[in-house]
There are 2 protein chains.
Amino acid sequence: MMQNRLIETAIDQFGRFGFDGASTRDIARASDTAMSSITYHFGGKQGLYLACADHIAAKLRERHAPSMELTKDAQDLDRESAIERLLAIVDMYAQTMLHQDSKHWARFIVREQQAPTEAFERLYEGAMKYMLTGVGSLLERARPDIPRDELGAMAMLLFGQTLVLRAARATVCKALGTTQLDEAEGAMLRRHLRSNTLAILSGGTQ
Amino acid sequence: MMQNRLIETAIDQFGRFGFDGASTRDIARASDTAMSSITYHFGGKQGLYLACADHIAAKLRERHAPSMELTKDAQDLDRESAIERLLAIVDMYAQTMLHQDSKHWARFIVREQQAPTEAFERLYEGAMKYMLTGVGSLLERARPDIPRDELGAMAMLLFGQTLVLRAARATVCKALGTTQLDEAEGAMLRRHLRSNTLAILSGGTQ
DNA sequence: GTCTATACTACGATAGAC
DNA sequence: GTCTATCGTAGTATAGAC
């Protein structure tokens, strides 16, 4: 499947060098095919770029299907169960951000966030949207003191703690005095992340 | 001062399009000068890029001087004072991330985090390093239960909540159902951020 | 479908006038 | 110091063979 091979390579190159910085010649060469096959399969550089966004959205949906399962029938849960599920979801996000696999597509997404194009719209509509509303419905049970229209804000602040592990990876490594985050550092970060999240979710009533 | 003008424009263009995507022609044109003045002042495109990093580091140090002031003599503080200072610092970071000014250089920094070059080293050594150690010394008083070598991790997780306001701005806007973050949304986010941070910092003892 | 060959455009660097 | 002019390279797109 030449299309998938081109997309995988392109996500890496676009993420690393940006849309203009990446070259279709290099992408084709690294995929062991001719540059013109990009035109054939995707219509051109722009088409390949959008195909990358769709591919990432699909992978995200797939990877976070277990998380989404935990947001089902949220309205029937008591507060403790909702908190427990949110802790599990945050930890899954953290594991994703820590995982090697996220390196390539995270670069792509973070880039799009800075200067959103049509590709961001596809990422949001194709994956992020469902996660945000799912987490929002759990937050509504966990923190009934927060007005409905502020749940999205709270979700993003929670999510920020995991996002930083990718979006500011270079600084995180400096802060930990390491050159990369492996099993030991990851476990420590997740431990603090869990206790932070628990502290946040337990608040608002006392 | 043509150098400053070129740097200001370049930070915007490099942040938007990346190192390769930005063109010295456009940067020069937007600065109302000839392309060859980049060669004259900075030796070339790479020199201009590094000058941008140094410029941002200097601006960051300047802007966060008040924060740094709050980290002085941290070892003499009691826990409540340390927490109060950390809340103030986190809020200042949040204001920076929410502020229009951060838009340009934040793009530049986030890009460097994804694929660090020599420019990241300059950003870290020139600005981030001092902030991290400063916050670390306050955290040591606020959360004496956390081992010393894990304070950097906690600082980054805290910082992540503010970082998300810039690094994932597009998603934050979607989550809030707005197209931009102005005074009202900013105040709401900072309110939640403060209570989240307080909950985190108050933890660890009970 | 995948290749080679080529057309056209834009890039960064540099030389040299002023 | 700042400009114009030009060189060599590398980019995307496309036409056409197989």
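Reminder, nothing fancy here: chain letters follow the sequence lines and each chain counts from 1.
- As rounded to whole Å, 10 Å separates atom P of D:dT2 from atom CZ of B:Phe42.
- Out of C:dT4, D:dG1, C:dT2, the shortest distance to the side chain of A:Ala34 is found at C:dT4.
- To the nearest angstrom, P of D:dG1 lies 9 Å from CD of B:Gln3.
- When rounded to the nearest whole Å, the span between OH of A:Tyr49 and P of D:dG11 equals 18 Å.
- Summarising the geometry, the separation between CZ on B:Phe17 and C1' on D:dG11 is reported as 17 Å, rounded to the nearest angstrom.
- Between A:Tyr40 and the phosphate of C:dG1, there is a side-chain N or O to OP1/OP2 separation shorter than 4.0 Å.
- Of the candidates C:dG1, C:dC3, C:dA13, C:dA13 carries the atom nearest the B:Met35 side chain, counting heavy atoms from C-beta on.
- Under the salt bridge (charged side-chain N to carboxylate O under 4.0 Å, His left out) rule, B:Asp145 has a single partner from B:Arg141, B:Arg148, B:Arg143, which is B:Arg143.
- Using a 4.0 Å cut-off between charged nitrogen and carboxylate oxygen, B:Arg107 and A:Glu112 do not count as a salt-bridge pair.
- Side-chain N/O atoms of B:Ser36 include none lying less than 4.0 angstrom from OP1 or OP2 on D:dT4.
- Using modelled atom types, one finds no donor on one side chain facing an acceptor on the other under 3.5 Å when comparing A:Asp26 with A:Gln13.
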For nucleotides 6-11 of chain C, which of its nitrogen or oxygen atoms have a protein nitrogen or oxygen under 3.5 Å away, and what is each distance?
| unit_1 | atom_1 | unit_2 | atom_2 | d |
| --- | --- | --- | --- | --- |
| C:dC11 | OP1 | B:Ser23 | OG | 3.3 |

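- At whole-Å resolution of the value, CG in B:Leu48 and C1' in C:dG12 are 12 Å apart.
- A salt bridge links A:Arg85 to A:Asp73: at least one charged side-chain nitrogen sits closer than 4.0 Å to a carboxylate oxygen.
- Here D:dA10 presents its C1' atom at 14 Å from CD1 of A:Ile27, a figure rounded to the nearest Å.
- In this structure, CD1 of B:Ile38 is placed 17 Å from P of D:dG1, rounded to the nearest angstrom.
- Salt-bridge formation is not detected for the pair A:Lys59/A:Asp101: no Lys NZ or Arg NE/NH1/NH2 atom is positioned less than 4.0 Å from an Asp or Glu carboxylate oxygen.
- Residues A:Thr162 and A:Arg190 fail the side-chain proximity criterion, which asks for heavy atoms closer than 4.5 Å.
- Per the geometry, CD belonging to B:Gln13 stands 15 Å off C1' belonging to C:dG12, to the nearest Å.
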Q | Criterion ring pair (Phe, Tyr, Trp, His ring centres under 6.0 Å) on A:Tyr93 and A:His64, from CA distance to verdict | A | CA-CA 8 Å; A:Tyr93 277 116; A:His64 285 109; 4.7 Å; yes

